[in-house]
Amino acid sequence: MTNYIEELQWRGMIHDVMPGAQEHLQESLRSAYVGFDPTADSLHIGNLVTIMMLAHFQRSGHKPIALVGGATGMIGDPSGKSAERNLLDEPTLRHNQNAIQKQLEHFLDFDASQKNAAEMVNNYDWMKSFSFLDFIRDVGKHITVNYMMAKDSVKNRITADAGDDTSAGGSEGMSFTEFTYQLVQGYDFLHLYKENSCTVQMGGSDQWGNITTGTELIRRIGNGKAYAITCPLITKADGSKFGKSEGGNVWLDPARTSAYKFYQYWLNSSDEDSEKYIRIFTFLNQAEIDALIAEHNEAKHLRVLQKRLADEITTIVHSAQALEKAKQASSILFGNATAEDLKSLDEQTFLDVFDGVPQAEVSIAAINDGLDIVAALATDTGFLKSNGEARRALKENSVAVNKVKVVEEYKIGSTDLINGKFVLLQRGKKNYFVLKVV
RNA sequence: GGAGGGGUUCCCGAGCGGUCAAAGGGGGCAGACUGUAAAUCUGCUGCGUAAGCUUCGGAGGUUCGAAUCCUCCCCCCUCCA
């Protein structure tokens, strides 16, 4: 039983801990849970901190429980500025739950023969048959509205025009449904406390209020003691939102966010952020991390931290092979790759490297006739919005065919084909487009 | 219900009869520099190779000519009841 709290502490993963939690965890094997939203069939990197909390928990010898919020997901947590939730039907819910468990298996050991095997539960299973009357009698009776109103998540929503300097958005009030959210989540904790001897709930710092409703229920109904541990919300030094890229969320599912993009997201962390991230998102120990930071400070341009961070997390979430491909893709896209390098790629590798890059099809006849570069950029493919934009880009010397800059008069011919069927168009450094000959 | 103010190109915001495809800023994109970063500098940012065409809440109208004037309609905001 290693000291879990200390481990999280030096990693900067602790925002708040309920007093006594450390002693409680040192005594014997404990169970802790984290809730995940099953609205999609994949988690995203915003979920990664709490996943790491569970992973470290298991590595410390304790038993992690991942709770899928099939029931709570239907209500909507007022702690975020979440919009209206749509109800998931049960098959979708199960599908999402299975997909999420697959992803968690990269971090957690679900092997039931282990004493501290990870476990997956879905609160829909115990909430679906809980009648409204039963709920308000057995649960609602024990918590006062006054208590619930005191939560920040609630206060912020109901004090209409009190603090105009809090959040820019106007208060729209709060539905009864959302108000109930904390009770439902609190009940989850009580349920797990009773059925799974789960005594700790973890989550982001925005969950503190919801978690304490749970510990309160456990105290009042279960006559027990339970603990809350929260982690800070991950921020980026430049103020932009962590976990978002141009394409929206950075997902763990390679079908949603390719391993290459995933790798790139981490590689592009700022110096400041990467020092923080490497502690949170890798399992490297303190000595290793200190050494890396020292090395990084010696020669920042080598970006030792970013590279190691990206390597580690990509390997865990995807695989060592996926990491290799992502790195290969990176060196082709950002290294000094030449047309020859590109042409040397076999078809499968080419497709992997440019997975997710938009494509358009052109006929072989058009290529053989010499395809006008302006048409190839705009009208024939939709890569750029208009011929005018294509011409502008060409004048800016920002267009390349197969990594070679071209001029406005250029015509794409059969000698430009890679593997006899692809042409790589590029606008600037980062915008790629693949022409596929059919 | 009464009184005012306003809706402009991705966003904010100037323009208030011709010189307006529309100032300025932001954002975006590109080029240089660099570490696939940050900062900085430069250029581009309705469509069209061009002539020209389509834009200023919507529909009409006045005028040689309208984002700018008139009429009606729609939508937002503020104040009063």
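We name chains A, B, ... by the order of the sequence lines, and we start the count at 1 in each one. Keep in mind the model is a prediction, meaning the values are calculated, not measured.
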N/O (side chain, A:K405) to phosphate O (OP1/OP2, B:G31) under 4.0 Å: yes
Pair assignment for B:C20, Watson-Crick or G-U wobble, requiring both distances under 3.5 Å: none
Pairing partner (Watson-Crick or G-U wobble, both distances under 3.5 angstrom) of B:A30: B:U42
Integer angstrom distance from the C1' of B:G5 to that of B:G31: 45 Å
Distance, P atom - from B:U45 to B:A38, rounded to whole angstrom: 24 Å
Whole angstrom value for the distance that separates P of B:A37 from CD of A:E275: 20 Å
Identified side-chain contact (heavy atoms from CB on, under 4.5 Å) partner of A:T230 from the options A:M53, A:M13, A:H15, A:M202: A:H15
Nearest-angstrom distance from the residue atom CG of A:D271 to C1' of B:A38: 9 Å
Any donor-acceptor N/O pair, A:T212 side chain to A:G209 backbone, under 3.5 Å: yes
Atom C1', compared across B:C11 and B:G28: separation rounded to whole Å: 11 Å
Phosphate OP1/OP2 of B:G31: any A:S398 side-chain N/O under 4.0 Å: no
Sugar-phosphate only, base, or nothing, as touched by A:S269 at under 4.0 Å among non-hydrogen atoms: nothing
Atom-pair distance (CG on A:L302; P on B:U36), nearest Å: 11 Å
Heavy atoms of other groups near A:E90 CD, more than 12 under 6.0 Å: yes
Nearest-angstrom distance from the residue atom NZ of A:K429 to C1' of B:C29: 12 Å
Separation of the C1' atoms in B:G43 and B:G52, to the nearest angstrom: 26 Å
Salt bridge A:E295-A:R308, side-chain N to carboxylate O under 4.0 Å: no
Donor-acceptor pair, side chain of A:N419 and main chain of A:L345, under 3.5 angstrom: yes
Out of B:G35, B:U36, B:G48, whichever nucleotide has its closest atom nearest the side chain of A:N387: B:G48
P spacing across the pair B:C56 / B:A21, given as an integer number of angstrom: 14 Å
All N/O pairs under 3.5 Å across the protein-nucleotides 40-45 of chain B interface:
{"residue": "B:G43", "atom": "N2", "partner": "A:E396", "partner atom": "OE2", "Å": "2.9"}

Sugar-phosphate, base or nothing in reach of A:K395, heavy atoms under 4.0 Å: nothing
Aromatic contact, A:Y260 with A:F354 (centres under 6.0 Å): no
Contact nearer the 5' end of RNA chain B, comparing A:S270 with A:T379: A:S270
Short side-chain N/O contact from A:N431 to OP1 or OP2 of B:A30, under 4.0 Å: yes
Atom pair distance, as rounded to whole Å: NZ in A:K300 and P in B:A37: 16 Å
Base-pairing mate for B:G4 - Watson-Crick or G-U, with both contacts under 3.5 Å: B:C77
Single hit among A:F262, A:F242, A:Y265 for ring-ring contact (aromatic ring centres under 6.0 Å, His included) with A:F281: A:F242
Nucleotide B:U34, atom P - distance to CG of A:N268 in whole Å: 19 Å
Base-pairing mate for B:U71 - Watson-Crick or G-U, with both contacts under 3.5 Å: B:A59
Integer-rounded Å distance: B:A30 P and A:L384 CG: 11 Å
Basic-acidic side-chain contact under 4.0 Å: A:K276, A:E272: no
Rounded distance (Å) that lies between atom C1' of B:C33 and atom NE2 of A:H301: 16 Å
Span that lies between the C1' atom of B:C77 and that of B:C10, in whole angstrom: 23 Å
P atoms of B:U63 and B:C79, separation to the nearest Å: 42 Å
Gap in Å between the two P atoms, one belonging to B:U68 and one to B:G58, rounded: 10 Å
Touch class at under 4.0 angstrom, heavy-atom based, for A:L333 against every strand present: nothing
Phosphate OP1/OP2 of B:U36 contacted by A:K327 side-chain N/O (<4.0 Å): no
Distance test, side-chain N/O of A:R391 to OP1/OP2 of B:U49, below 4.0 Å: yes
Any A:S386 side-chain nitrogen or oxygen under 4.0 Å from OP1 or OP2 of B:G46: no
Option among A:V434, A:L342, A:I412, A:L371 that satisfies the side-chain contact (heavy atoms from CB on, under 4.5 Å) test with A:V423: A:I412
Heavy atoms from other residues, nucleotides or ligands near NZ of A:K151 exceed 12 (cutoff 6.0 Å): yes
